[in-house]
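Down below is the structure, laid out as structure tokens.
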Amino acid sequence: MTAPSFGNTAPLVPPLYQSSVYVLPDLDAIDAVYGGQSPGFIYARDAHPNALTLADQLAKLEGARWAMLGGSGMSVITATVLASVQQGDRLLVSNRLYGRTTAFLTTEMGRLGVAANVVDANDLTQVREALVRRPKLFVVETISNPLLRVPDVPQLVMLCHEHGCQVLVDNTFATPALYRPLKDGADFVMESLTKIITGHSDVTLGVVGGMGEQNQRLSQIVSIWGLMSSPFDCWLAARGLETFELRINAACHNAAVLADWLGDQPGVKRVVYPGRADHPDHGIARRLLGGRYGHVLCFELAGGRDAVNRFMRLAKGIPFSPSLGHSGTTCSHPGTTSHRFAQPEERARQGITDGLIRLSVGIEPVEELKQNLRAGLA
Ligand SMILES: *Cc1c(COP(=O)(O)O)cnc(C)c1O
């Protein structure tokens with residue numbers, strides 16, 4: 001099949017190239033593409049146009065020299081770690097990471113002969129002590145789940161670099177709208193595009209970006225380990241990206257309003273939001289995040305699990321849906337979802353109680369959100 005002719009016209013919306021393989025005229029052409037002398041594509045697991053154009057847009061957003069897509073947030077974390085360590089090396093791991101990230105870095109990489117030390121990223125003394133063991137890569141999140149702890153990323157990067165350790169920042173909760181880790185020297189930034197950047201809960205995708213030369217090796221690893229993105233998901237993500245700034249602005253604004261409002265509601269024991277003066281990391285969050293504090297907040301109901309069940313049944317406008325970043329507000333329950341398999345002592349250490357609800361705040365009019373919450377709190 002040949003491409004249709006558009007004459008003097010062109011599609012306004014970028015086309016979806018849903019093709020797993022490309023056609024080449026002869027051997028000289030394939031040599032030129034493999035050799036990098038000529039642009040072009042050969043096999044979609046290696047590269048495809050929808051990933052390439054999306055990666056360019058995301059690199060700009062992150063202030064990165066390069067960005068690379070993967071089939072999920074986990075896939076780009078996997079690729080970055082595999083590109084950074086050898087058997088016998090050591091990882092440094094924040095103790096408040098996304099559950100699957102912790103499992104990958106400790107259990108899975110441990111199985112392959114890569115050791116891990118777990119540290120509290122908000123305790124620089126602990127980090128300094130662990131760096132003596134010469135880890136190759138430190139993995140940390142800008143805003144942690146669910147209690148939204150914000151470590152001093154610039155300080156951590158400086159410390160790590162003094163010890164020859166690279167830093168991968170998972171920036172999913174902050175997004176590049178609030179913070180760009182690369183400008184503070186992080187070696188890699190990653191985002192789960194499954195969340196608010198694409199914003200419509202119809203995509204599973206991840207991006208990693210950086211300033212150095214690691215993209216060649218990463219690109220090989222993505223292809224060899226089969227971690228690539230799908231054209232359709234990249235196409236949807238590019239569409240979501242068009243409204244990202246509008247959505248993150250509205251969602252952060254709504255979250256800040258609700259964080260104040262919820263604090264005054266009967267039955268609410270505490271509110272967790274880095275924008276509140278009572279959050280333990282409010283100071284560092286204010287310095288780091290440009291005056292906004294994200295679209296996620298938590299609140300604790302005095303009545304524990306029973307109160308949470310009642311809230312979920314009554315708050316019809318706020319679906320219980322254990323992810324985040326949807327255009328509409330959703331709620332989740334860290335104790336039975338993200339931290340379901342954590343030991344009870346670990347949940348207690350982090351302050352994840354039975355009454356704790358996490359809200360991923362969307363872009364609805366804030367009065368509508370208050371009404372929906374009020375229904376659940378009744
Ligand atoms: C969702 C998430 C991930 C994993 O991303 P997937 O796209 O689900 O693979 C990693 N880190 C954080 C902070 C997340 O919220």
Side-chain angles (χ1 to χ4, degrees), residues 51 54-55 58 62 67-82 91 93-106 108-109 121 137-151 153 167-179 181 186 188-209 222 225-230 232-234 236-237 240-241 248 251 255 274 289 293-298 321-326 330-334 337-342 350 352 358-361:
L54 179 62
L58 291 167
E62 299 284 358
M68 193 168 302
L69 274 302
S72 65
M74 285 314 301
S75 85
V76 293
I77 291 174
T78 302
T80 307
V81 171
L82 291 172
L91 293 163
V93 177
S94 156
N95 66 359
R96 289 190 197 87
L97 295 180
Y98 185 73
R100 291 300 203 203
T101 309
T102 303
F104 171 69
L105 297 173
T106 57
E108 296 297 314
M109 289 310 289
L137 182 71
F138 180 41
V139 183
V140 65
E141 291 175 12
T142 323
I143 303 178
S144 77
N145 177 45
L147 294 177
L148 314 174
R149 298 298 308 267
V150 181
V153 178
V167 180
L168 163 61
V169 178
D170 179 339
N171 199 46
T172 302
F173 274 53
T175 81
L178 272 61
Y179 184 56
F188 304 98
V189 59
M190 71 74 54
E191 320 269 353
S192 167
L193 299 175
T194 314
K195 313 293 167 55
I196 195 169
I197 294 182
T198 68
H200 297 79
S201 305
D202 49 12
V203 161
T204 304
L205 219 53
V207 67
V208 56
V222 165
W225 290 68
L227 301 169
M228 68 290 160
S229 58
S230 92
F232 184 50
D233 278 27
C234 290
L236 282 173
L241 196 54
I248 190 89
L289 305 178
Y293 301 94
H295 63 294
V296 179
L297 66 89
C298 290
S321 185
S323 182
L324 64 146
H326 189 60
T330 60
C331 73
S332 187
H333 184 254
T337 63
S338 56
H339 293 71
R340 185 179 191 92
F341 300 109
Q350 293 199 31
I352 300 167
R358 190 189 74 187
L359 276 190
S360 168
V361 180

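Residue indices begin at 1 and follow the sequence shown. Note that the structure is a prediction, hence the values are computed from the model and not measured. Each ligand, and each atom within it, is numbered from 1 in the order the structure gives.
Closest protein heavy atom to atom 6 (P) of ligand 1: G73 N, 3.3 Å. Looking only at heavy atoms of the protein, atom 5 (O) of ligand 1 is closest to S192 OG, 3.1 Å. Looking only at heavy atoms of the protein, atom 4 (C) of ligand 1 is closest to Y98 CE2, 3.5 Å.
For the pair N145 and ligand 1, no heavy-atom separation below 4.0 Å is found.
Here atom 12 (C) of ligand 1 lies nearest to D170 when heavy atoms of T198, T204, V207, D170 are compared.
N171 contributes a side-chain N or O that, together with a main-chain N or O of Y179, makes up a donor-acceptor pair within less than 3.5 Å. Remark: the backbone N or O of V296 is not paired with any side-chain donor or acceptor of S360 at under 3.5 angstrom. The backbone N or O of S323 lies less than 3.5 Å from a partner atom in the side chain of R358, making a donor-acceptor pair. A donor-acceptor pair under 3.5 Å is formed between the side chain of E141 and the backbone N or O of Y98. Remark: side-chain polar atoms of S192 are not paired, donor with acceptor, to backbone N or O of T172 under 3.5 angstrom.
Between L97 atom CG and N145 atom CG the span is 10.5 Å, to the nearest 0.5 Å.
Taking all atoms of both residues into account, the shortest heavy-atom contact from C298 to P146 is SG-O, 3.0 Å. Closest approach of A237 and T198 over heavy atoms only: CB-CG2, 3.3 Å.
Geometrically, ligand 1 and E141 share no nitrogen or oxygen pair separated by less than 3.5 Å. For ligand 1, the polar-atom distance check against M74 finds a nitrogen or oxygen pair separated by under 3.5 Å. Polar contact check, F173 against ligand 1: no nitrogen or oxygen pair lies under 3.5 Å apart. Annotation: T194 places an N or O atom under 3.5 Å from an N or O atom of ligand 1; distance criterion only. At under 3.5 Å, not a single nitrogen or oxygen of T101, backbone or side chain, sits near a nitrogen or oxygen of ligand 1.
Using a 4.0 Å cut-off between heavy atoms, K195 contacts ligand 1 through its side chain alone, with no backbone atom that close.
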